[in-house]
Amino acid sequence: MSLSNRILIVDDEALIAFDFEMTLVDAGYDVLGPATSLDEALDMVSEETPRAAVLDIDLNARPVWPLARKLRESGTHIVFVSANLRHEELATEFKSEPRLDKPVCESDLLKALKQGLAERAAHCH
């Protein structure tokens, strides 16, 4: 399955998820979601592989790692956003992925997405 041009948003706090969606839409991105649970997000990516993903780490007390692993394997650029950035996986398995501490500044989110997408595009050519 090839990558779509859409950005997946996953956050169990609906207001934050919709705020991220408005930020990305205003910046010209096409959004997949937002998903507010791990299961909902996994269902979405079984239908479509997003170009990038903005992922909260703790989704209703369930870690996002199964989704993050699946997205990474498919070539999706991941930006982690969380109030808790002390997860072992961030220091080991996902050490090269950008992470932003909540509350997230809109410009920081857009910068992390743009940089990652540009790097992925450079590797494809």
Side-chain angles (χ1 to χ4, degrees):
M1 187 181 292
S2 66
L3 292 176
S4 76
N5 256 342
R6 304 206 304 165
I7 311 296
L8 173 67
I9 298 172
V10 182
D11 198 303
D12 61 352
E13 295 180 58
L15 289 175
I16 291 174
F18 291 120
D19 187 46
F20 288 163
E21 179 182 25
M22 287 193 321
T23 296
L24 296 183
V25 168
D26 287 348
Y29 291 103
D30 192 14
V31 171
L32 176 61
T36 56
S37 73
L38 181 60
D39 291 335
E40 184 182 10
L42 287 166
D43 286 347
M44 285 180 183
V45 301
S46 71
E47 308 265 325
E48 177 178 347
T49 304
R51 190 164 152 223
V54 176
L55 304 180
D56 186 11
I57 295 172
D58 298 305
L59 302 170
N60 300 309
R62 293 180 69 194
V64 75
W65 310 127
L67 173 65
R69 289 180 187 110
K70 182 175 183 162
L71 290 171
R72 186 182 55 202
E73 288 170 13
S74 68
T76 298
H77 170 58
I78 299 169
V79 176
F80 292 105
V81 293
S82 181
N84 178 5
L85 294 174
R86 293 181 298 279
H87 293 272
E88 181 181 328
E89 290 85 350
L90 290 175
T92 56
E93 195 176 350
F94 294 100
K95 63 182 176 238
S96 63
E97 305 295 339
R99 62 207 62 162
L100 301 170
D101 199 10
K102 285 183 178 178
V104 176
C105 174
E106 189 176 293
S107 62
D108 290 345
L109 177 61
L110 294 173
K111 182 179 174 186
L113 273 173
K114 283 181 188 167
Q115 283 178 334
L117 291 171
E119 288 169 13
R120 293 255 192 272
H123 290 294
C124 292
H125 297 295

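For the salt bridge (charged side-chain N to carboxylate O under 4.0 Å, His left out) test, no residue two or more places apart in sequence or in another chain qualifies with K114. With sequence neighbours excluded, the residues forming a side-chain contact (heavy atoms from CB on, under 4.5 Å) with N5 are R51, listed by chain and number. Checked against salt bridge (charged side-chain N to carboxylate O under 4.0 Å, His left out), D39 has the following partners two or more places apart in sequence or in another chain: R62. Every residue two or more places apart in sequence or in another chain that forms a side-chain contact (heavy atoms from CB on, under 4.5 Å) with T36 is listed here: A14, E40. Take A41 and apply the side-chain contact (heavy atoms from CB on, under 4.5 Å) test, not counting sequence neighbours, and it matches V10, A35, L67. In this structure, the side-chain hydrogen bond (donor to acceptor under 3.5 Å, both in side chains) partners of K102, at least two apart in sequence or on a different chain, are D11, D56. Annotation: salt bridge (charged side-chain N to carboxylate O under 4.0 Å, His left out) contacts of E93 (sequence neighbours excluded): R69, R72. A search for salt bridge (charged side-chain N to carboxylate O under 4.0 Å, His left out) contacts involving R6 returns E48, not counting sequence neighbours. Considering only residues two or more places apart in sequence or on other chains, A27 meets the side-chain contact (heavy atoms from CB on, under 4.5 Å) condition with Y29, L110.
F18 and L32 are not part of a single hydrophobic cluster, where members link through side-chain heavy atoms under 4.5 Å apart. M44 and V64 fall within the same hydrophobic cluster, where Ile, Leu, Val, Met, Phe, Trp and Tyr residues are linked whenever their side-chain heavy atoms come under 4.5 Å apart, directly or through other members. In the hydrophobic cluster analysis, where Ile, Leu, Val, Met, Phe, Trp and Tyr join through side-chain heavy atoms closer than 4.5 angstrom, I7 is grouped apart from L42. Hydrophobic clustering (side-chain heavy atoms under 4.5 Å, transitive across Ile, Leu, Val, Met, Phe, Trp, Tyr) keeps I57 apart from V104. At a threshold of 4.5 Å between side-chain heavy atoms, the hydrophobic network of Ile, Leu, Val, Met, Phe, Trp and Tyr places I16 and V25 in one connected group.
Minimum interatomic distance between A68 and I78 (heavy atoms only, all atoms of both residues): O-CD1, 3.4 Å. Residues L90 and R99 share a closest heavy-atom pair of O-NH2, 3.1 Å. The minimum heavy-atom distance linking P66 with L38 is given by the pair CG-CD2, 4.4 Å. A pairwise comparison of heavy atoms in D58 and D12 identifies O-OD2, 3.3 Å as the closest pair. Minimum heavy-atom separation, A17 to I9: O-CG2, 3.9 Å. Nearest heavy atoms, A52 versus L113: CB-CD2, 3.7 Å.
Listed by first and then second residue, the salt bridge (charged side-chain N to carboxylate O under 4.0 Å, His left out) pairs that reach into residues 76-91 come to none, sequence neighbours excluded. Within the structure, the ring-ring contact (aromatic ring centres under 6.0 Å, His included) test picks out no pair touching residues 31-52 (sequence neighbours left out). Annotation: ring-ring contact (aromatic ring centres under 6.0 Å, His included) contacts involving residues 49-69, sequence neighbours excluded, comprise W65-F80, W65-H87, W65-F94.
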- request: Apply side chain to side chain contact (heavy atoms under 4.5 Å, CB included) to T49 and S74, showing your working.
  value: CA-CA 7 Å; T49 304; S74 68; 3.2 Å; yes

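Here the side chains of V79 and L100 are in contact, with some heavy-atom distance below 4.5 Å. Counting heavy atoms from C-beta outward, F20 and P34 have side chains that stay 4.5 Å or more apart. The shortest side-chain heavy-atom distance between H77 and P50 does not fall under the 4.5 Å cut-off.
Interatomic distance, D101 CG to N84 CG, rounded to the nearest 0.5 Å: 9.0 Å. Taken to the nearest 0.5 Å, the CG atom of L71 stands 6.0 Å off from the CG atom of L55.
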